[in-house]
Amino acid sequence: MQDHPELMPLLTVAGGPMRGASFRVRPQPQVIGRAPTADIPVADAHLSRRHAEVRLTEGGVVLVDLGSTNGTWLNDRRISDAEPLTDGDVIRLGRTELRYFDPGLATTDPVGLRFTGGTGGRRDYRPTLPLPSRAPGPTDAPAGRPTAPVRGVDA
């Protein structure tokens, strides 16, 4: 993962005042909180200055509550010890919701990444083929006109 930092896990703000912001998990522990000196500063008055911490371990990324007043919630369960994170987990801190995404666990190539090597070809190449179309045939009629005479109606 160090060779491809874009494959490092990602925390994305899915709900709250900073919706849309994303933070890459780094090898060193990162404090999440409302303090401007936090590694992951979140503008939410319901967070403690040093609310929680994410750590990258040999076994994966773990989330730890740092004794926050309002607690740290992982998938709607309040945590008290270090909890491992898995792709798709939802973390709630105050009124902020974070989504944990681990692109290193994806079974397909991440969108927008270009890997080279091996056979020398591009792994991200996906051929674009035209959609099949059919030429109008003799039985096709212009829009709004029937293809065969209707009984009882003069043509």
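- Summarising the geometry of P84 relative to L74, their closest heavy-atom pair is O-CD2, 4.1 Å, with the distance given to 0.1 Å.
- A heavy-atom distance below 4.5 Å is found between the side chains of V90 and R99.
- Note on I79 and V62: separate hydrophobic clusters, where clusters join Ile, Leu, Val, Met, Phe, Trp and Tyr whose side-chain heavy atoms are under 4.5 Å apart, directly or indirectly.
- Under the 4.5 Å side-chain heavy-atom criterion for grouping Ile, Leu, Val, Met, Phe, Trp and Tyr, L10 is not connected to V31 through any hydrophobic cluster.
- In this structure, CZ in R24 is found 8.0 Å from OG1 in T12, a value given to the nearest 0.5 Å.
- The OG1 atom of T72 sits 7.5 Å away from atom CG of L66, with the distance rounded to the nearest 0.5 Å.
- Under the 4.5 Å side-chain criterion, counting only non-hydrogen atoms from C-beta, R95 is not in contact with P17.
- Side-chain contact between L11 and I40: present, with at least one pair of heavy atoms (C-beta onward) separated by less than 4.5 Å.
- Annotation for A45 and R34: closest pair O-NE, 4.1 Å, computed over non-hydrogen atoms.
- Across all non-hydrogen atoms, the minimal contact from P41 to A35 is CB-O, 3.8 Å.
- Scanning all heavy atoms of the two residues, the minimum distance from L93 to L47 falls at O-CD1, 3.0 Å.
- Between R26 and D39, the closest side-chain pair of non-hydrogen atoms falls below 4.5 Å.
- Counting only heavy atoms from C-beta outward, the side chains of W73 and I91 never approach each other to under 4.5 Å.
- Between Y100 and L98, every side-chain heavy-atom pair lies at or beyond the 4.5 Å cut-off.
- Looking at heavy atoms from C-beta onward, F23 lies in side-chain contact with V13 at the 4.5 angstrom threshold.
- With a 4.5 Å cut-off on side-chain heavy atoms, R55 and V64 count as touching.
- The CZ atom of R92 sits 12.5 Å away from atom CZ of R77, with the distance rounded to the nearest 0.5 Å.
- Side-chain atoms of D44 do not come within 3.5 Å of backbone N or O of G94 as any donor-acceptor pair.
- With hydrogens and angles ignored, the 3.5 Å screen pairs a side-chain donor or acceptor of D87 with a backbone N or O of D102.
- Considering H51, H46, R49, R50 as possible partners of S68, the one that fulfils the side-chain hydrogen bond (donor to acceptor under 3.5 Å, both in side chains) test is H51.
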